[in-house]
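Read the structure below first, then the notes.
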Amino acid sequence: MTIGLNEIVQAQERIADHLRRTPLISSAALTTLCGAPIHLKLESRQATGSFKLRGATNAVLSLSDEARQRGLVTASTGNHGRALAHAASAQGARAVVCMSALVPGNKVDAVRALGADVRIVGHSQDDAQQEVERLVTEAGLTEIPPFDHAAVIAGQGTIGLEIFEDCPGVDLVLVPLSGGGLASGVAAAIKGRLPRARVIGVSMARGAAMHESLRAGKPVAVEELETLADSLGGGVGLNNQYTFAMCRDLLDDVVLLTEDEIAEGIRHAFVAEGEMVEGAGAVGIAALLASKVEVRGPTVVLVSGRNIDEARHRQLVSHREDAAGGRS
Ligand SMILES: *Cc1c(COP(=O)(O)O)cnc(C)c1O
């Protein structure tokens, strides 16, 4: 099953009044470094601090009134939970968010502050997911998953339509990649409008579930490891319905980054671009800084979120540290 341009254009109409159209800004520093125009699509400035509000809003608005009233539930590493909490409360619906104990405290607090019911269960995304399934079966809630869902993918794809509107000559789009909802939607939109454009996924080397799955030719489980790009943690789901096939068919490549490279991306975003960006949001910038992609023409870097612990961010931008915390 795949999502195409029609679904994404419908999503754009459905969600337009409910969230921000984020800016595409030109990066002088990266343009000089790469020798081609580099633009940043700042979803870090989206309400709730990440692009996840697009998919969550499209999914909530696509439900029947009756399903919305029974309540919504998800497992999330943070940003999707936060987005669903916001999207649900905007429609007067209840949201329950199940998270593993690995999720940073600032993200848990943010979801609670948006009025959602937070349940902390186990130490992996899989444990949190089991609690979701229990609430669907026993309490009749509707699950809105973080990536493998038609309305979520179409919502994320609206970023691709905006990129094309603002940069019609785009040659390459760099997209942070975890479960692949973002990459699937954006690639479907970009390639639907401009088949010759390239779309490359960027993940951390520590626990890159979609990368491992694409190499294996089917969804595989990977060990979940701590990473600066914590929003990219978690598996793709062994019963993946949409995003595995879409990433396989639409992505031109996937590149992987070390923790030090991701730290450089966060630092560059702040020091050279003046943007507060979380690890997952900085991977496209990091891939350019590390010369891991071939730039041939106008390039758009999708900066996906800003929700990083403030103390951690301050430490990263003020010291040159390695990922283990020691000075280098
Ligand atoms: C969820 C998320 C991603 C990855 O999105 P997928 O659809 O799971 O691939 C990237 N960046 C941020 C900030 C996120 O919250």
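Keep in mind that this is a model prediction, so the values were computed, not measured. Ligands are counted one by one from 1 in listed order, and the atoms in each one are counted from 1 as well.
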Which segment of E278 sits under 4.0 Å of ligand 1 when only heavy atoms are counted: side chain
G179-ligand 1 polar pair, N/O distance under 3.5 Å: yes
Proximal ligand 1 atoms for G305, defined as those under 4.0 Å from one of its heavy atoms: 13 (C)
Contact atoms of ligand 1, heavy-atom distance to F51 under 4.0 Å: 1 (C), 2 (C), 3 (C), 5 (O), 10 (C), 11 (N), 12 (C), 14 (C)
Polar proximity ligand 1 side, L182 side, N/O cut 3.5 Å exclusive: yes
Donor-acceptor pair, side chain of R68 and main chain of L63, under 3.5 angstrom: yes
Which of the ligand 1 atoms, numbered from 1, are nearer than 4.0 Å to a heavy atom of G181: 6 (P), 7 (O), 9 (O)
Selection residues 84-104 - residue pairs positive for side-chain hydrogen bond (donor to acceptor under 3.5 Å, both in side chains), sequence neighbours left out: R94-D117
By ring-ring contact (aromatic ring centres under 6.0 Å, His included) - contacts of H313 (at least two apart): F270
Mode of L232 contact toward ligand 1 - side chain, backbone, both, neither (heavy atoms, under 4.0 Å): side chain
K52, portion touching ligand 1 at heavy-atom distance under 4.0 Å: side chain
Nearest-0.5 Å distance, CG of residue D127 to CG of residue L102: 9.5 Å
A183 to ligand 1, any heavy atom closer than 4.0 Å: no
Donor-acceptor pair, side chain of N79 and main chain of S50, under 3.5 angstrom: no
Test: E43 and R45 ion pair at under 4.0 Å: no
Contact atoms of ligand 1, heavy-atom distance to P176 under 4.0 Å: 10 (C)
Proximity to ligand 1 by part of N79, non-hydrogen separation under 4.0 Å: side chain
Backbone N/O of V236 and side chain of N240: donor-acceptor pair under 3.5 Å: yes
S50-ligand 1 polar pair, N/O distance under 3.5 Å: no
Side-chain donor/acceptor of R119 to backbone N/O of C98, under 3.5 Å: no
Atoms in ligand 1 with a heavy atom of G180 nearer than 4.0 Å: 6 (P), 7 (O), 8 (O), 9 (O)
Any donor-acceptor N/O pair, D171 side chain to A197 backbone, under 3.5 Å: no
